[in-house]
Number of protein chains: 2
Amino acid sequence: MIRIGIVDDKKNNRIILADKLRRNNLFDVRLDAANGEQFLQKMMELKFDERPEIVLMDLEMPIMDGIVTIATGSSLYPGVRYVVLTTFDDDDRIFNAIKAGACGYLLKEESGEIIADILVNLWTNGAGPISPSIAYKILQMIQNPPPVKLPLAGKKSENLFQLSEREKEILRFLCQGLEYKEIALKLSISANTVKKHVINIYDKLHVNSKGHALHIAYTKNLL
Amino acid sequence: MIRIGIVDDKKNNRIILADKLRRNNLFDVRLDAANGEQFLQKMMELKFDERPEIVLMDLEMPIMDGIVTIATGSSLYPGVRYVVLTTFDDDDRIFNAIKAGACGYLLKEESGEIIADILVNLWTNGAGPISPSIAYKILQMIQNPPPVKLPLAGKKSENLFQLSEREKEILRFLCQGLEYKEIALKLSISANTVKKHVINIYDKLHVNSKGHALHIAYTKNLL
DNA sequence: TCATCAATAATCCATTTGGATAGTTTTTTT
DNA sequence: AAAAAAACTATCCAAATGGATTATTGATGA
């Protein structure tokens, strides 16, 4: 049984999709959330071996949209694979979703069988599921990179996590392996303040330790 | 009938592939070349409406390899679609071939039916044919752009710090932001042991905190 | 002007980490 | 088979970190 999570703001969509998947008994749909925040919340509550292995994620959601959710989720739970399921193949979103860490991109219109097929393939081979028309778009984007839009290489990505300047500054020091005291000294502020900033950073990154924060900082190019 | 061209230096491959395609009578294999130069030569000799619409191209060829051939061919004959057919999925080549203008990338191992299927799809929908495992690699390349290959990268960053396999394993988990307990759980060992390993790692890296260690791990590419 | 927000600072308390030390078991090498 | 190297487990203690809460200041904006 492959453990599946479904995140979509429309309850009906979740039900239909879960039904589609449950029809063959390879899937165990065990997480169901209406938005990103709810999803992260529920993930936190699950033990390691109860978490879904594959998460199907809608992009358009209130409160916390799919891209941000994937970005944080894929850093928090690197073992989980995120597959974007959407109704329209919108160029910008594709690219952003991929950058955020989605490992596949499917159109909702695909039949239940195709989706099931593709998820099984993802699970067994690790091969990323991509609808053909999406794959083609990706190729085109590589061949003709959109004007400036998205810096492919190590450029700093736009402020995905809404960190303030000060917070970014402190995150950079943190990434160099400095501890609170040392950062405080460098910035001529109190170590308590540094700590407060760090906690605020964790909140924005949805993490709760230095390790996780650095992981996100390094993998999402926040420096 | 879809007009097909095949470019491969091994005559046998050409024959087998042509046979596979001719089996269903949708394809008209009408151009056959052993290398890039021969291919371009033959293309010149053909009239516009005799030219292949899709060209299956091997990458490893003498005289003029697949990448260069696609690059020049796709400028000379923009209407022609180039599909790379190769036996191994070599990361560098994928990217270069795509940039050169290939619109698809298939593994030779795929069965004749799948190849046929996919080519028909390419012809009718314009959707790019991509083997799932290739698609996945492309995603990964977008997600983690190859870290500017500098002298250090090529040199064995492997044993720079003489970490044992186990230590590298643990360092990787550490870099994902896991704490001792979690790592212990994943490896089915005691948290004390994890800690011991971590201390040993710090010794070898000449650091004394997680922050420093992760900094080195990320910047020196120890993962 | 009033409200909000970022940055600053501090305290209490629980948890995690780092260091030192001392063992046992497994694996590899000689 | 003996010796050496990794891997494993443990305990004590001190330091660093994370979380919650409260409060002051200055800048920005409605």
Side-chain angles (χ1 to χ4, degrees), chain A residues 37 40-41 43-45 47-48 63 72 75-78 158-218 222, chain B residues 156 158-218 222-223:
Chain A
E37 222 161 84
L40 292 177
Q41 178 62 36
M43 282 294 276
M44 261 194 321
E45 290 164 4
K47 288 203 210 90
F48 167 72
I63 303 192
T72 57
S75 315
L76 258 56
Y77 313 102
E158 80 295 332
N159 209 341
L160 191 57
F161 294 96
Q162 313 268 51
L163 295 182
S164 74
E165 276 314 309
R166 195 54 152 179
E167 285 163 348
K168 283 189 248 174
E169 192 177 10
I170 285 177
L171 182 55
R172 275 191 291 273
F173 282 126
L174 223 47
C175 283
Q176 286 165 31
L178 303 189
E179 56 188 47
Y180 298 169
K181 282 186 207 165
E182 302 175 293
I183 298 175
L185 205 65
K186 288 219 177 209
L187 297 179
S188 305
I189 59 178
S190 140
N192 288 312
T193 304
V194 174
K195 178 174 158 182
K196 178 62 180 153
H197 283 304
V198 171
I199 299 272
N200 290 150
I201 292 170
Y202 291 175
D203 274 352
K204 292 188 181 176
L205 264 41
H206 301 281
V207 300
N208 49 16
S209 78
K210 201 191 282 189
H212 265 128
L214 297 210
H215 179 233
I216 294 187
Y218 277 114
L222 265 40
Chain B
K156 51 193 86 273
E158 317 280 333
N159 296 349
L160 234 180
F161 294 95
Q162 309 274 53
L163 296 182
S164 74
E165 275 313 309
R166 194 55 149 179
E167 285 163 349
K168 282 189 245 172
E169 193 178 9
I170 284 176
L171 181 55
R172 274 190 293 273
F173 282 126
L174 222 50
C175 284
Q176 284 168 29
L178 303 190
E179 56 187 48
Y180 297 169
K181 281 188 208 165
E182 300 176 294
I183 298 175
L185 203 65
K186 287 217 177 212
L187 298 179
S188 305
I189 58 179
S190 137
N192 288 312
T193 306
V194 174
K195 179 174 158 182
K196 179 62 180 157
H197 284 304
V198 171
I199 299 272
N200 290 151
I201 291 170
Y202 291 176
D203 276 351
K204 292 186 180 175
L205 299 191
H206 302 286
V207 301
N208 50 12
S209 79
K210 200 188 286 188
H212 266 127
L214 297 210
H215 181 234
I216 292 187
Y218 277 113
L222 299 185
L223 315 174

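Remember, it's a predicted structure, so these values are computed and weren't measured experimentally. Note on naming: letters A, B, ... go to the chains in the order of the sequence lines (proteins, then strands), and numbering restarts at 1 for each one.
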Enquirer: Working to the nearest 0.5 angstrom, can you tell me the gap between B:Leu178 CG and B:Arg172 CZ?
Expert: 12.5 Å
Enquirer: Take the protein atom CD of A:Glu182 and the nucleotide atom C1' of D:dT17, then report the distance between them rounded to whole Å.
Expert: 14 Å
Enquirer: I want to check one thing: is the phosphate of D:dA15, taken as OP1 and OP2, less than 4.0 Å away from some side-chain N or O of A:Tyr180?
Expert: no
Enquirer: So what is the end-to-end bend of the helix from C:dT1-D:dA30 to C:dT30-D:dA1, with 5 pairs used at each end and the value given to 10 degrees?
Expert: 60°
Enquirer: So how far is it from A:Ile201 CD1 to A:Ser164 OG, rounded to the nearest 0.5 Å?
Expert: 7.5 Å
Enquirer: Of the non-hydrogen atoms in A:Tyr77 and A:Leu40, which two are nearest, and what is the gap between them?
Expert: OH-O, 4.3 Å
Enquirer: Of all the heavy-atom pairs spanning B:Val207 and B:Ile216, show the shortest one and how long it is.
Expert: CG1-CD1, 3.6 Å
Enquirer: First and last nucleotide of DNA chain C touching chain A, 5' to 3', heavy-atom cut-off 4.0 Å?
Expert: C:dA7 to C:dC12
Enquirer: Give the minimum heavy-atom separation between B:Leu171 and B:Ala217, together with the two atoms involved.
Expert: CD2-CB, 4.0 Å
Enquirer: What heavy-atom pair brings A:Tyr218 and B:Leu214 nearest, and what distance separates the two atoms?
Expert: CE1-O, 4.5 Å
Enquirer: Mind running side chain to side chain contact (heavy atoms under 4.5 Å, CB included) on B:Leu174 and B:Lys210 for me, showing each step along the way?
Expert: CA-CA 8 Å; B:Leu174 222 50; B:Lys210 200 188 286 188; 4.3 Å; yes
Enquirer: Roughly how many Å is it from CG in A:Leu174 to C1' in D:dA16, rounded to a whole number?
Expert: 12 Å
Enquirer: Quick one: side chain to side chain donor-acceptor pair (under 3.5 Å) partners of B:Gln176, sequence neighbours excluded?
Expert: none
Enquirer: Sequence neighbours left out, what pairs pass side-chain hydrogen bond (donor to acceptor under 3.5 Å, both in side chains) with at least one residue falling in residues 185-204 of chain B?
Expert: B:Glu167-B:Lys204
Enquirer: Please name the pair of heavy atoms, one in B:Gly177 and one in A:Ser209, separated by the smallest distance, quoted to 0.1 Å.
Expert: O-OG, 3.8 Å
Enquirer: Using whole Å, what does the distance between atom C1' of nucleotide D:dA16 and atom CD1 of A:Ile199 come to?
Expert: 12 Å
Enquirer: Using side chain to side chain contact (heavy atoms under 4.5 Å, CB included) as the criterion, list what pairs up with A:Gln41, not counting sequence neighbours.
Expert: A:Met44, A:Glu45
Enquirer: Could I get a table of every N or O pair under 3.5 Å where one atom is in the protein and the other is in nucleotides 25-30 of chain D?
Expert:
none

Enquirer: Sequence neighbours left out, what passes side chain to side chain donor-acceptor pair (under 3.5 Å) with B:Glu182? Give chain and number order.
Expert: none
Enquirer: Which residues pass the side chain to side chain contact (heavy atoms under 4.5 Å, CB included) test with A:Leu187, sequence neighbours left out?
Expert: A:Arg166, A:Glu169, A:Ile170, A:Phe173, A:Ile183, A:Ile189
Enquirer: Determine: side-chain N/O of A:Tyr202 to OP1/OP2 of D:dG18, distance under 4.0 Å, yes or no.
Expert: yes
Enquirer: Would you give a per-nucleotide map of nucleotides 6-14 of chain D, 5' to 3', where B means the base has a protein non-hydrogen atom under 4.0 Å away, S means only the sugar-phosphate does, and - means neither?
Expert: -SBBBBB--
